Amino acid sequence: MTQPAPAVLPDRPSRVRRKADTPSEDGGRSRRRGLEQRRNVTGWLFLIPAAVLILWMNFWPMFQAFLLSLQTGRGSRLTWADPLWYNYARLFDDDIFKMTVQNTFIYLIVQVPIMLVLALVLANLLNDPNLRFKGLWRTAIFLPCAVSLVSYSLVFRTMFATDGIVNDALMGLHFIDSPINWLGQTGTARLVIILGLLWRWTGYNMVFYLAALQNLDYSTLEAARIDGAGSWRTFWYVTIPQLRPMILLTAIMSTNGTIQLFDESWNLTQGGPAYTSMTMSHYLYELSFQKSSNVGYGSAISYVILIMVAILAWIQMKVGDKRD
């Protein structure tokens, strides 16, 4: 007997079917897309004026300064140098420029480490919860940063004058027999500038460290104390590693500021005696706006300063950034 052929069953409808989009959902999506586009356009409209101002006020003058560094002449009578890198090659034969580089790096090597160590120590002391009058001490140490550069420079010039209070105090204590010409000798003139920088900027960096100390994980400090670590070992092996990002930040800012130092050299010593306390930025100003108005050569010096700042910041980032 022949068996009947099996009946062909119709395909089962899929259990899960995509729900058809309704007109209301299509309209909602299109409205959301339109709202996102309007927000993007609004954001760009707010950004464009700021971007144009940055390009116009910052990058365009930088480009003009680079073009000026390729020109020679006095005042507004400038011509293209032959060769174009003449101003940069001239730097290697400029003894005054070499002296200003030496002076600037003396300030950098001596002042920056002392300032950062002092700021770190002061921040650690002022972070003590049992310290009385913490607000007063913090304000007193930070206050020099709020003083005008010109004002404090004039005060320092008066203090370190031949008949100033510093000589009077040292003679009264019988440390010296005759007044010292602090601003008229190379070593002491540099010392006065370093003291002025320390007085003004130590409190500024202390605030950064104080803020970082108040955000530390105190469980690590408690664990170190439980393990028997003293105050010094806890500070060196627990606190300092956690402050490394802030130390790197302050080191880069302090280095960049010292390389571009101008106010102290100009207001305290006028670069004297005989350029031995003058900084690179002070020399740049003198060349461009005072004696002979050699803006081409001054622009070349400004780009050398820029390159130094970039190289030192890159080195500090490579040395100080230990992230994996």
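Because the structure is predicted, anything quoted here is derived from the model rather than measured.
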request  = Go through Trp80 and Leu70 one step at a time and tell me if the side-chain contact (heavy atoms from CB on, under 4.5 Å) criterion holds.
outcome  = CA-CA 6 Å; Trp80 293 104; Leu70 305 178; 3.9 Å; yes

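- Ring centroid separation for the pair Tyr204 and Phe208 comes in under the 6.0 Å cut-off.
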request  = Apply side-chain contact (heavy atoms from CB on, under 4.5 Å) to the pair Leu116 and Asn205, showing each step before the final yes or no.
outcome  = CA-CA 7 Å; Leu116 296 184; Asn205 290 282; 3.9 Å; yes

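- Aromatic rings from Phe63 and Phe59 are positioned such that their centres are separated by 6.0 Å or more.
- The two residues Leu126 and Trp137 come nearest to each other via the heavy atoms CD2-CB, 3.6 Å.
- Between the side chain of Lys98 and the backbone N or O of Phe92 there is at least one donor-acceptor pair closer than 3.5 Å.
- In this structure, Ser153 and Asn267 approach most closely via the heavy-atom pair CB-CB, 3.3 Å.
- Using a 4.5 Å heavy-atom cutoff, the side chains of Val150 and Asp263 are not in contact.
- The shortest side-chain heavy-atom distance between Asn87 and Ser299 does not fall under the 4.5 Å cut-off.
- Just one residue in the list Asn103, Asp94, Thr100 forms a side-chain hydrogen bond (donor to acceptor under 3.5 Å, both in side chains) with Tyr283, and that residue is Asp94.
- Closest non-hydrogen pair, Thr72 versus Tyr86, comes out as CG2-CD2, 3.7 Å.
- Side-chain N or O atoms of Tyr303 include one that pairs as donor or acceptor with a backbone N or O of Met62 at under 3.5 Å.
- At least one side-chain heavy atom of Gln185 sits less than 4.5 Å from a side-chain heavy atom of Ile180.
- In this structure, Ile240 CD1 and Asn124 CG are separated by 8.0 Å, a value rounded to the nearest 0.5 Å.
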request  = Any chance you could lay out the side-chain contact (heavy atoms from CB on, under 4.5 Å) test for Ile114 and Ile194, step after step, and finish with the verdict?
outcome  = CA-CA 10 Å; Ile114 296 175; Ile194 291 172; 5.7 Å; no

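- In summary, of the residues considered (Arg200, Arg157, Glu264), a side-chain hydrogen bond (donor to acceptor under 3.5 Å, both in side chains) with Tyr152 occurs for Glu264 alone.
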ask   = Where do Leu120 and Leu243 land on the side-chain contact (heavy atoms from CB on, under 4.5 Å) test, with the steps shown first?
value = CA-CA 10 Å; Leu120 191 56; Leu243 292 180; 3.6 Å; yes

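- In this structure a side-chain-to-backbone donor-acceptor pair under 3.5 Å is missing from Arg190 to Ser277.
- Atom CG of Asn40 sits in a crowded spot, with more than 12 heavy atoms from other residues, nucleotides or ligands closer than 6.0 Å.
- Remark: the Tyr209 side chain and the Thr250 side chain contain an N/O donor-acceptor pair separated by less than 3.5 Å.
- Shortest non-hydrogen contact noted between Leu108 and Pro113 is O-CD, 3.5 Å.
- The closest donor-acceptor contact from the side chain of Arg138 to the backbone of Met206 lies at 3.5 Å or more, if one exists at all.
- Of all the heavy atoms in Leu183 and Phe160, the pair that sits closest is CG-O, 4.3 Å.
- A donor-acceptor pair under 3.5 Å is absent between the side-chain atoms of Asn181 and the main chain of Thr162, judged by distance alone.
- Between His282 and the options Phe289, Trp266, Tyr275, a ring pair (Phe, Tyr, Trp, His ring centres under 6.0 Å) holds for only Trp266.
- Atom CG of Leu154 has more than 12 heavy atoms from other residues, nucleotides or ligands within 6.0 Å.
- Trp236 CH2: 12 or fewer foreign heavy atoms inside a 6.0 Å radius.
- The environment of Tyr88 atom OH is dense: over 12 non-hydrogen atoms of other residues, nucleotides or ligands sit within 6.0 angstrom.
- Thr186 approaches Pro273 most closely through the heavy-atom pair N-CG, 3.8 Å.
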